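The structure under discussion appears below in the form of structure tokens.
Throughout, a chain's letter reflects where its sequence line sits, starting with A, and its residues are numbered from 1. Predicted model, so just to flag it, every value in this text is computed and none were measured.
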Amino acid sequence: MTTPRTLFDKIWDSHLVDTLDDGLNILYIDRHLLHEVLSPQAFEGLRMEGRTVRRTEATLAVADHNVPTTDRGKGIEDPESRLQVETLSINCKEFGVPVFDMLDPRQGIVHVIGPEQGFTLPGATVVCCDSHTATHGAFGALAFGIGTSEGEHVLATQTLRTSKPKNMRVLIDGSLPVGCTGKDLILAIIGEIGTAGGTGHVIEFCGQAIRDLSMEGRMTVSNMTIEGGARAGLIAPDEKTFEYLKGRPMAPKGAQWEAAVAYWKTLPSDEGAAYDREIKIDVSNIAPQVTWGTSPEDVVPITGRVPDPKDAGSDAKRSAMKRSLDYMGLTPGTPMTEIEIDNVFIGSCTNSRIEDLRAAADIVKGRKVADRVTAMVSPGSTIIKEQAEDEGLDRVFIEAGFEWREAGCSMCLGMNPDRVPAGKRCASTSNRNFEGRQGRDARTHLVSPAMAAAAAVHGRLVDVRDADA
Amino acid sequence: MEKFTKLSGVAAPMDMINIDTDQIIPKLHLRTIKRTGLGKVLFDELRFTPDGTEIPEFILNQEPYRNSKIIVAGDNFGCGSSREHAPWALLDFGIRCVISTSFADIFYNNCFKNGILPVTVTKDQLDALMADAADRENPELTVDLETQTITRPNGATVSFEIDEFRRECLLNGLDDIGLTLQKVEKIDSFEAQQRESQPWLYR
């Protein structure tokens, strides 16, 4: 009888190349994703040392952060952005790494295209110089964001020197109520544990509410594990996972597919496996969630009010709250549903997949975006964009007054021209509400796609469960 | 990578929690293909107005903190994105050490790859060091990695813990990749074995 192991233990153990005397390990990396922003210095490092990429076929690059979401035929106007995107293509060509450039029909946000292509696989280790690499944990892959120097290390050695994270289980009790999504679930968890709640841990999400989520919903949950401070998120693979991956261009085929599925079925945590930490959260009574401040942990139900700093638990928290409220231009006690919205952004690696677009279109259908609101949709990939167009979702959005854009990171972080103007307030399906994230002095409220769509129609935050929402 | 042995210098007090990577280096400055030159935009939106004027209230715009080599900051420093531009900007400005009660994981790792020492202390120790740094007359701390101590202006010392391997690398300025490539045979044999057991990972 062997010791019961968690999903995390199994992946970790099967990727250990060496254990070093100093507590660090050499961990083998199966899949390495790259984008144009955080990779140029890694290639430069290789070039300076005369090193090569160890496994080009285990590496995949895409341009996503800097790419414009309009008029791509004209190229990239901003010279710095253009240089960065061109540098990615040049580097990939020189080192033999497959790359989806801006005009490739498979282009999209790195964390959307990995699963979409079947590059991300259960039981694999996946890294990318990007914190939202956590997304791929939805497939039962051990996936985490790394720095550029670590990326260079992976390119050269296909391994990472790393300490073993602790293992935490978040057990979700109950089923998600109508009107609530994976986004509401993960925001509620972050509200509970805080943005440093998972520091040093890999979080495995368990429970019926997780099983009930589609792969899209699971990706949203795992994506924002990093906002809870954790190294990675994990969700055990199941039939939904296999169904999603089957037939994807880079997924295994034929006999290899059968062998892979048989192996993937052995991955879920064993009965009685021990975690370093366990927490339980009951989601059966949550309401749609919305952030009020400048940290993802600053979250309340849509039925709630802007909190009062005088109720803060510590001085440090109180001063952070005051600063947030000042930045956000909000008064304590204001009902969340009275907050007026100027911009709506539907997109990002958190919520830009087909299911997200369908949920938003359902709300928008036959209605108009409020006069005060500028609203846009940026699908997560060019393939999703085409699928949405085949389903007629683009017409729904355009007729309502949304802008229908190309795929990329877009207004989630505004590295390209898509930014929220200073002082304007945005209901956004993205993942970070930090000061300046969507544009200098821009104010962000994180919400689900349906909530963002409802805010666009009403010109204020609304409870998507209300009859007229 | 530059070695880190012992550092004496002005410590800037940043008494805020959750200082995130978007604050340390806003995304517009990620549009670079170099590691250097980012010091002038460190904390850009806290430090300068949109037209480039200094914001006088910001600590690094004040004397003697313009020449800070150390930052003393509240809990969860460096949360947010994986951008290594955050430590590159700190380094380029002249900051070689950040002291806090906790750090976000990716930022913490990134520091060690760039010769920056992140020091984790207790809340009480942080309060004392924050007060030291806030004393404009004498805000100088000495951080000694060999002895794993911080010497305060009053001569008292604070000890800190650090992973042994990372300490060695910082003390000697060692390159991780070179060290790992010494183990290339182990990587080769791992791959050979995995290619047998999980052939679908090899396309």
Side-chain angles (χ1 to χ4, degrees), chain A residues 17-18 20 22-24 26 28 30 37-38 40-41 44 49 51 57 66 78 80-81 83-84 87 121 124 129-131 145-150 152-153 156-159 161 163 195-196 199-200 229 231 250 252 256 259-260 263 295 316-317 319-320 323 413-415 432 434-437 440, chain B residues 15-18 20-23 26-28 30-35 44-46 50 74-76 79-85 87-88 102-107 109-110 113-114 163-166 168 175-181 183-184 186-187 189-191 194 197-203:
Chain A
V17 173
D18 200 11
L20 308 170
D22 45 57
L24 287 182
I26 298 184
Y28 193 78
D30 298 317
V37 181
L38 303 183
Q41 295 86 352
E44 184 62 21
E49 298 293 330
R51 289 168 176 151
E57 88 289 2
N66 274 291
D78 177 78
E80 286 176 304
S81 294
L83 178 62
Q84 219 169 36
T87 302
L121 296 174
C129 296
D130 191 286
S131 57
I146 55 176
T148 299
S149 295
E150 289 176 311
E152 184 183 334
H153 189 280
T157 70
Q158 208 57 43
T159 69
R161 280 177 176 257
S163 56
T195 50
T199 301
R231 298 260 303 265
M250 297 181 183
Q256 288 216 348
Y263 172 70
S295 166
K317 188 71 198 159
S319 68
R323 184 185 168 92
L413 84 169
M415 277 196 72
R432 287 193 178 131
F434 294 160
E435 289 181 20
R437 172 79 179 183
R440 187 170 181 137
Chain B
D15 196 3
M16 287 161 59
I17 59 171
N18 297 332
D20 60 65
T21 51
D22 280 79
Q23 289 173 319
K27 70 265 173 177
L28 288 181
L30 308 187
R31 295 178 302 179
T32 171
I33 54 171
K34 298 197 170 73
R35 292 173 198 244
D44 190 21
E45 292 181 7
L46 299 173
D75 209 36
N76 199 26
C79 61
S81 94
S82 60
R83 60 190 69 164
E84 202 159 319
H85 305 63
W88 295 336
S102 74
F103 294 88
D105 289 326
I106 303 176
F107 175 83
N109 280 335
N110 281 340
K113 313 290 180 198
N114 293 283
D163 173 84
E164 184 54 34
F165 174 74
R166 287 173 161 148
E168 283 300 311
D175 165 16
D176 277 359
I177 298 178
L179 288 171
T180 301
L181 286 175
K183 307 238 177 199
V184 73
K186 290 206 170 191
I187 302 173
S189 69
F190 179 93
E191 279 176 354
Q194 195 193 42
S197 63
Q198 294 184 57
W200 57 86
L201 291 170
Y202 293 77
R203 289 181 289 122

May I ask you to say whether [X] pairs ionically with [Y], meaning some side-chain N is under 4.0 Å from a carboxylate O?
X        : Y        : value
A:Arg161 : B:Asp163 : no
B:Asp176 : B:Lys113 : yes
A:Arg323 : A:Glu435 : yes

Would you mind checking which part of [X] comes under 4.5 Å of any heavy atom in chain B, side chain (CB onward), backbone (N, CA, C, O), both or neither?
X        : answer
A:Arg432 : side chain
A:Gln84  : both
A:Leu24  : side chain
A:Ala316 : both
A:Glu152 : both
A:Thr199 : both
A:Ser295 : side chain
A:Thr159 : side chain

When you look at B:Leu179 and B:Phe165, which way does the side chain to side chain contact (heavy atoms under 4.5 Å, CB included) test go after all the steps?
-> CA-CA 12 Å; B:Leu179 288 171; B:Phe165 174 74; 3.8 Å; yes
Trace of the side chain to side chain contact (heavy atoms under 4.5 Å, CB included) decision for B:Asn18 with A:Thr195 | CA-CA 8 Å; B:Asn18 297 332; A:Thr195 50; 3.7 Å; yes
Give, as side chain, backbone, both or neither, the part of [X] having an atom under 4.5 angstrom from any heavy atom of chain A.
X        : result
B:Gln23  : side chain
B:Pro26  : neither
B:Lys27  : both
B:Leu46  : side chain
B:Pro50  : both
B:Ser189 : neither
B:Asp75  : neither
B:Glu191 : side chain
B:Ile187 : both

Output the option from A:Ser163, A:Ala156, A:Ala259, A:Ser319 having the highest count of non-hydrogen pairs under 4.5 Å with chain B.
->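 The candidate making the most pairs under 4.5 Å is A:Ala259.
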Highest number of heavy-atom pairs under 4.5 Å with chain B: which of A:Ala320, A:Ala260, A:Gly145?
->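 With the most close heavy-atom pairs to chain B, the winner is A:Ala260.
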Given B:Ile106 and A:Ile146, is the side chain to side chain contact (heavy atoms under 4.5 Å, CB included) satisfied, shown in steps?
-> CA-CA 6 Å; B:Ile106 303 176; A:Ile146 55 176; 5.8 Å; no
Quick check for you: to the nearest 0.5 Å, what is the distance between [X] atom [atom1] and [Y] atom [atom2]?
X        : Y        : atom1 : atom2 : result
A:Glu150 : B:Asn110 : CD    : CG    : 6.0 Å
B:Ser81  : A:Leu38  : OG    : CG    : 6.5 Å
A:Leu20  : B:Thr180 : CG    : OG1   : 7.5 Å

Between [options], which shows the greatest number of heavy-atom pairs under 4.5 Å with chain A?
options                             : result
B:Asn114, B:Leu28, B:Thr21, B:Asp15 : B:Leu28
B:Ile17, B:Val184, B:Leu30          : B:Leu30
B:Glu164, B:Lys186, B:Glu168        : B:Lys186

Distance-only polar pair, side chains of B:Gln198 and A:Asp30, donor-acceptor under 3.5 Å =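 Note: B:Gln198 and A:Asp30 side chains miss the donor-acceptor criterion.
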Show your reasoning for whether side chain to side chain contact (heavy atoms under 4.5 Å, CB included) applies to A:Glu49 and B:Ile177.
-> CA-CA 10 Å; A:Glu49 298 293 330; B:Ile177 298 178; over 6 Å; no
Using the side chain to side chain donor-acceptor pair (under 3.5 Å) rule, take B:Tyr202 and A:Glu57 through it: C-alpha gap first, then chi angles, then the decisive distance, then the call.
-> CA-CA 8 Å; B:Tyr202 293 77; A:Glu57 88 289 2; over 6 Å; no
Take A:Ser149 and B:Glu84 through the side chain to side chain donor-acceptor pair (under 3.5 Å) test and state the conclusion after the steps.
-> CA-CA 8 Å; A:Ser149 295; B:Glu84 202 159 319; 2.4 Å; yes
